[in-house]
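Have a look at the structure below before the remarks.
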Amino acid sequence: MAEAATSIQIRKLYKLFGPAPDKFLAAAQQGMSKQELRDVHGHVLGLRDINIDMPAGGIQVVMGLSGSGKSTLIRHINRLIDPTAGEVLIHANGEALDVVKMSHTQLLNFRRERTAMVFQKFALFPHLTVLENAEYGLQIQHVPRKKRHEASMQWIERVGLKGYEGHYPNQLSGGMQQRVGLARALSNDAPILLMDEAFSALDPLIRSDMQSVLLDLQQELGKTIVFITHDLDEALRLGDQIAILRDGEVMQQGTGQQIVLKPADDYISSFVKDVNRGRVIRCRTLMSPGAPVAGPTVDASLVIEEAARLLSSENLESANVVSSKGKHLGTLSMSDIIAAMVPPNDAQEQRETADAL
Ligand SMILES: Nc1ncnc2c1ncn2[C@@H]1O[C@H](COP(=O)(O)OP(=O)(O)OP(=O)(O)O)[C@@H](O)[C@H]1O
Ligand SMILES: [Mg+2]
């Protein structure tokens, strides 16, 4: 890769849409409600006081309902939108650059060389072939023909489209078109990948395939990915870190586990209540300290659903939890796993039902 893992730091970012955003910035900073800003002052509060440290070489997911500000936020990272206030700091190679302060030329270079975007509606050129679409970014950068062919073909293969390089987008299914979108984004070797609802237009099975493709590639590439979705399962599967937006504000951020286990408020609870907790909670979180027991060994990073499967297939009650290096860390029992898989509300409901009967 061209540069070491890049981290993105968003600091005190505000965005007001309307005729005189600067005039209402102070009011927004002092907490005037989105409704008052809109109804009384004719301004839309897009983002308020966003502070996120996006993990270098990891996947930052931003989720929230429609209109919560997800697209507005991701578009600040390559400054397709100018903020009303705040910083977007890019840390790489020991230096920090503020995207907000870049000159026009710096910004164009930054966009071309250090970021790539994958769009919800694929945004492929219909009159260009798969190969021509994939190498488009390199062509703009005047990379010689042979070199850009080679680079793009490599990514076309990696996303599973070998043999389709001469096809046109309308000859491909939606899932295949988005593979082209991904190949195009990967071809310019940018350290930052911005994905705004990139898989939302796909059927569930194809969507899950694309998530796998992305995770596989990410294992090897270690890019800094900002991935927007309004789907919690997708967020939990992909996100090393998740930020949840509501009305332009971050309501909670943390790992998927942290959010599922400790939702910050009712809004987040309602988001996470139906999630399959067994696929989110990891053995490390649930284990108790203690000497090794007679039972199977599970990796601390394994999700508890898998541990439960292992225990039940061997008809055993407890497992030994070990680090990735094989060091004994503690033990985990089947009853702890079952208790953790039931969300707190249901547990309460079950107790109340039991009491009532
Ligand atoms: N150019 C604009 N002018 C005025 N208001 C805007 C503009 N762009 C976005 N908004 C407003 O900012 C808020 C956030 O919009 P945004 O598009 O970021 O939401 P989103 O979370 O991406 O929603 P979706 O899931 O529907 O894509 C909304 O209230 C929207 O109406
Ligand atoms: Mg959007």
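What you see below is based on every heavy atom in this structure, not just the backbone, and it leaves out hydrogens, waters and symmetry mates. When a ligand or atom number is given, it counts from 1 through the structure's own listing order.
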Under a 4.0 Å threshold between the charged nitrogen and the carboxylate oxygen, would [Y] count as salt-bridged to [X]?
{"X": "R309", "Y": "E306", "result": "yes"}
{"X": "E220", "Y": "R158", "result": "yes"}
{"X": "R237", "Y": "D231", "result": "no"}
{"X": "R207", "Y": "E234", "result": "yes"}

**Report entry** Donor-acceptor pair, side chain of D336 and main chain of L332, under 3.5 angstrom
**Finding:** no
Requested in this report: Could you tell me whether a side-chain N or O of Q252 sits under 3.5 Å from a main-chain N or O of K262, the two making a donor and an acceptor?
Outcome: yes
Query raised in the report: Cut-off 3.5 Å, side chains only: do N276 and E305 have a donor facing an acceptor?
Result: yes
Requested in this report: Would you check if there is a donor-acceptor pair between the side chains of T115 and N78 at a distance under 3.5 Å?
Outcome: no
Query raised in the report: Can you list, by chain and residue number, every protein residue with a non-hydrogen atom closer than 4.0 Å to ligand 1?
Result: F17, K34, V44, L65, S66, G67, S68, G69, K70, S71, T72, E197
**Report entry** Passing candidate, side-chain contact (heavy atoms from CB on, under 4.5 Å) with I10, options E87, M54, H76
**Finding:** M54
Requested in this report: Could you tally the protein N/O/S atoms lying less than 2.8 Å away from the Mg ion (ligand 2)?
Outcome: 1
